[in-house]
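Taking it in order: structure first as structure tokens, then the write-up.
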Amino acid sequence: MSIYDTLNDKQKQAVMQTEGPVLILAGAGSGKTRVLTHRVAYLIDREGVDPYRILAITFTNKAAGEMRERVDKIVGFGAEQIWVSTFHSACVRILRRYIDRIGFDTHFTIYDTDDQKGVMKEVCKKLQIDTKTLKERTILNAISSAKNELIGPADYEKQNGFDYNGSRIAKAYAEYQAVLHKNNALDFDDLIMKTVELFRADADVLNNYQERFRYIMVDEYQDTNTAQFELIRLLADKYRNLCVVGDDDQSIYKFRGANIRNILDFEKIYPEACVIKLEQNYRSTQVVLDAANAVIRNNTGRKDKALWTEKKDGSRIHLRQFDTAYEEAEYIADDVAHKVRGGIARYGECAVLYRTNAQARLLEERFIMEGVPYDVIGATNFYARREIKDVLAYLKTIDNGRDDVAVKRIINVPKRGIGISTIVRVQAYADEHQISFYDALREADQIATIGKSASKLKPFVMMMQAFRSKQEFFGLSELVKDILEVTGYVKELEESGEEDAADRIDNIDELISKVTDYEETHDEPTLSGFLEEVALVADIDRVDGDDDRVLLMTLHSAKGLEFSQVYLAGLEDGIFPGYMSIMSDDPMEIEEERRLAYVGITRAKDDLTLTCARQRMIRGETQYNPVSRFVKEIPAELMDDKPLETRRRNPVVYDEDSVEKSIFRSKPFSAGFGADAAKPKPKAVARPKRTAMENQPYIAKAAQGVGAVSITPVGTGKLDYGVGDRVRHMRYGEGTVLKIEPGPRDSQVTVVFDEAGQKIMYAGFAKLAKI
DNA sequence: CGTACTAGTCTTTTT
DNA sequence: GACTAGTACG
């Protein structure tokens, strides 16, 4: 009896087919990770492959860690020799070694989204690009897409230079790369692209890695982009022992450049490929699978497959519709508490999944109120928090003085009386002399323009120099503590009297323990090593199953995870699928959302609850959305409840024929919607009571916001449209005015939009135009 | 130069 | 509604 006997036939085949290209189409819950780990083990202990020759690429660091751990258990020895990592960390590792061959310093820093935006802001200023008409974000997105397709600035110019915006972006792209190069920095996309560039430019380096990685495995292959594909293609080109694992139905990262063709066309690129389908699901009940299959069936152009399970039974899917998102949150929190009390599940076996991070807030409030322990994943990455970034900026500056962004971030944090004008002048000097910002600071007394401010710069430079020399004999955590001490960062926080100062200090303490942890787990801890590890962690990587808490996260973050009890919240057309995809004329957008729904449903092992609300506040607007079309794709017999319309609580209010019809025209999927939507009084909604400690500041801020809105007085009589008129809205397109409700300061207008559904908005806000 | 307030924007999803 | 960049003031 060997470990391989526990695998089913298909899995066994996938494990033992070690030579040549292999495509494993692994449905959700089909034991994909098991196959991968067993395959690695098989390579080592049956095929005698040196662990050193194996590369396994996973999607997150967490997956990589788990895989290594599991392989470690099976093979016992040599597992640490295997490269198990994400695309990004694998590339960093390669670039740290060889990037000097394409003109960068191996001590490069990695820019996150914030840093990118800062750079782009300067680029726009320099190129005199008006950021009102062309947003930094837009440019960066264009650049990111280009990089994902391996299109450099020159090629971009060739392809897009002929129109106004295209040429502006092309120029910004070129300048942006120049600034990054000057700062010796790479952004996330560069990590992949530069590695490909390196491999293409230097045959020796490529050959070196081709020889090393005789066996390559890629997990979540459906989410690879063109650059990642090319990287893998190059690496595998010599020995062609490439095994990719994925599920086209779970491709949900198109917005990040993922190219679903990579998996769909694998057999075209590798005609000799062996294709293995894993269709037996070991995770969910038949009911859950039936629901998932019923939904995904509506997509076109997928690889044919059908999941099945031996877990025959299973409770039906619970569908619950509520009047408001508050009630929805209340129900979920209650239901979890109920399950835990009843011994049905532990907190840690429950997860609430939603489409957008913003939905977490309401749920969170309710969980606090009910005293249900929870963890929100992803909202703000730990390392993206202000105080953490500040401390990291100190470390970056100590590590690599060429990183202008980091230096500027902390030059006046805590306050040292160094203002914008001084920074601008120093930068001018730096540009003039072709040196880095930090080097310019060191020559502060040479800069004529700054006058007396030079006296403020000197202590800063002295301090940084001192940190650098301390680095020689200090441990990392000592260095961090020293920085906090010398700069008075924590002290300033304590004295600031800011509302969340305590949280921030907690975060800093957590950072210190992460530094300590890094020192303990690495043989040769270095500052660069720590910074690089930190630059590439996703929030999901921090999850450990040990603490017993309900997890709240987006559907995207949930990929690859499984829970006994799953709640899918906010299942409303306009939320999920999001209105962007509904409005889009590209049908592929809805299909991507549907795959996301498929991912969500298949996370559930035992029990699945679907919830939605009739009324929801989104970005200050009350929306009335019909039940998600995806819910309607699930056969009613799989649900435990009667059809939705019998659960309706609110009577029909409007009887105007035309209005009623227009609702039905725009909402073919939702039979009961017209009546549901007619609830006229959003004000009647009771907001949940808040716990005093947690929410005091929130209330204060909210009140401010309302005040700001009401300052815009729009007389009711001034509206040039009335009930029944057709109007146009900037974002939602055309619609029919259903109702106008005069308020003390501004009228509330209810409009049924043809595409986007019904919205209630302030007239002064909405800027509706009669058509 | 720092602060306090205001106006405008918004990402849906993340390595 | 919340966050942020920009502006007017001290």
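A note on names: the letters A, B, ... follow the listed sequences, proteins ahead of strands, and every chain is numbered from 1.
In this view, A/Glu136 satisfies the salt bridge (charged side-chain N to carboxylate O under 4.0 Å, His left out) rule with no residue, not counting sequence neighbours. Looking at residues two or more places apart in sequence or on another chain, you find a side-chain contact (heavy atoms from CB on, under 4.5 Å) between A/Ala569 and A/Glu328, A/Ile332, A/Val352, A/Thr611. Shown here are the ring-ring contact (aromatic ring centres under 6.0 Å, His included) partners of A/Tyr253, two or more places apart in sequence or in another chain: A/Phe59, A/Phe255, A/His556. A/Phe576 is linked by a ring-ring contact (aromatic ring centres under 6.0 Å, His included) to A/Phe630, counting only residues two or more places apart in sequence or in another chain.
Here the nucleotide nearest the side chain of A/Lys135, chosen from C/dG1, B/dT15, B/dT9, is B/dT9. Closest approach to the A/His556 side chain among B/dG2, B/dT13, B/dC10 is made by B/dT13 (side chain taken as heavy atoms from C-beta onward).
Distance, A/Phe87 CZ to B/dT15 P: 15 Å, rounded to whole Å. Look at NZ on A/Lys254: it is 17 Å from C1' on B/dT14, rounded to the nearest Å. One can place OH of A/Tyr383 at 17 Å from C1' of B/dT14, the figure rounded to the nearest angstrom. In this structure, A/Ile423 places its CD1 atom 13 Å from C1' of B/dG2, rounding to the nearest Å. Rounded to an integer number of Å, the gap from A/Asn148 CG to B/dT15 C1' is 10 Å. When rounded to the nearest whole Å, the span between CD of A/Glu365 and C1' of C/dA2 equals 13 Å. Atom CD1 of A/Ile411 is separated from atom P of B/dG2 by 11 Å (rounded to the nearest Å). The nearest whole Å value for the distance from the CG atom in A/Asp187 to the P atom in B/dT14 is 18 Å.
Minimum heavy-atom separation, A/Ser584 to A/Asp586: OG-N, 2.9 Å.
Taking only side-chain nitrogens and oxygens, A/Asn357 comes nearer than 4.0 Å to OP1 or OP2 of B/dT13. The side chain of A/Thr554 contributes an N or O atom lying less than 4.0 Å from OP1 or OP2 of B/dT14. For the OP1/OP2 pair of B/dT3 and a distance below 4.0 Å, the side-chain nitrogens and oxygens of A/Lys415 include at least one atom meeting the criterion.
Mapping A/Thr60 and A/Gly578 onto DNA chain B by nearest heavy atom places A/Gly578 at the nucleotide closer to the 5' end. Taking for each of A/Ser557 and A/Arg416 the nucleotide of DNA chain B with the nearest heavy atom, the 5'-most of the two is the partner of A/Arg416.
Across all strands shown, A/Thr422 has heavy atoms under 4.0 Å from sugar-phosphate atoms exclusively, and none from any base. Heavy atoms of A/Ile418 sit under 4.0 angstrom from primed sugar atoms or phosphate atoms, though from no base atom. The residue A/Lys121 sits close only to the backbone: its heavy atoms come under 4.0 Å of sugar-phosphate atoms, none of a base. Within the 4.0 angstrom heavy-atom criterion, only backbone atoms of the sugar-phosphate kind lie near A/Asn412; the bases stay farther away. Within the nucleic acid shown, A/Glu593 comes within 4.0 Å of at least one base atom, counting heavy atoms only.
Residue side chain A/Tyr253 fails the stacking definition with respect to B/dT13, as its ring centre and the base's six-membered ring centre are not both under 5.5 angstrom apart and under 30 degrees in plane angle.
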Check the interface with nucleotides 7-10 of chain C: list each N/O to N/O pair with the protein under 3.5 Å, or write none.
none

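A donor and an acceptor atom, one from each side chain of A/Glu387 and A/Asn507, are located under 3.5 Å apart.
Residue pairs meeting the ring-ring contact (aromatic ring centres under 6.0 Å, His included) criterion with at least one partner in residues 409-429 of chain A, sequence neighbours excluded, are A/Tyr429-A/His433.
A cation-pi arrangement, defined by a distance under 6.0 Å to the six-membered ring centre and an angle within 45 degrees of its axis, is absent between A/Lys389 and A/Tyr383.
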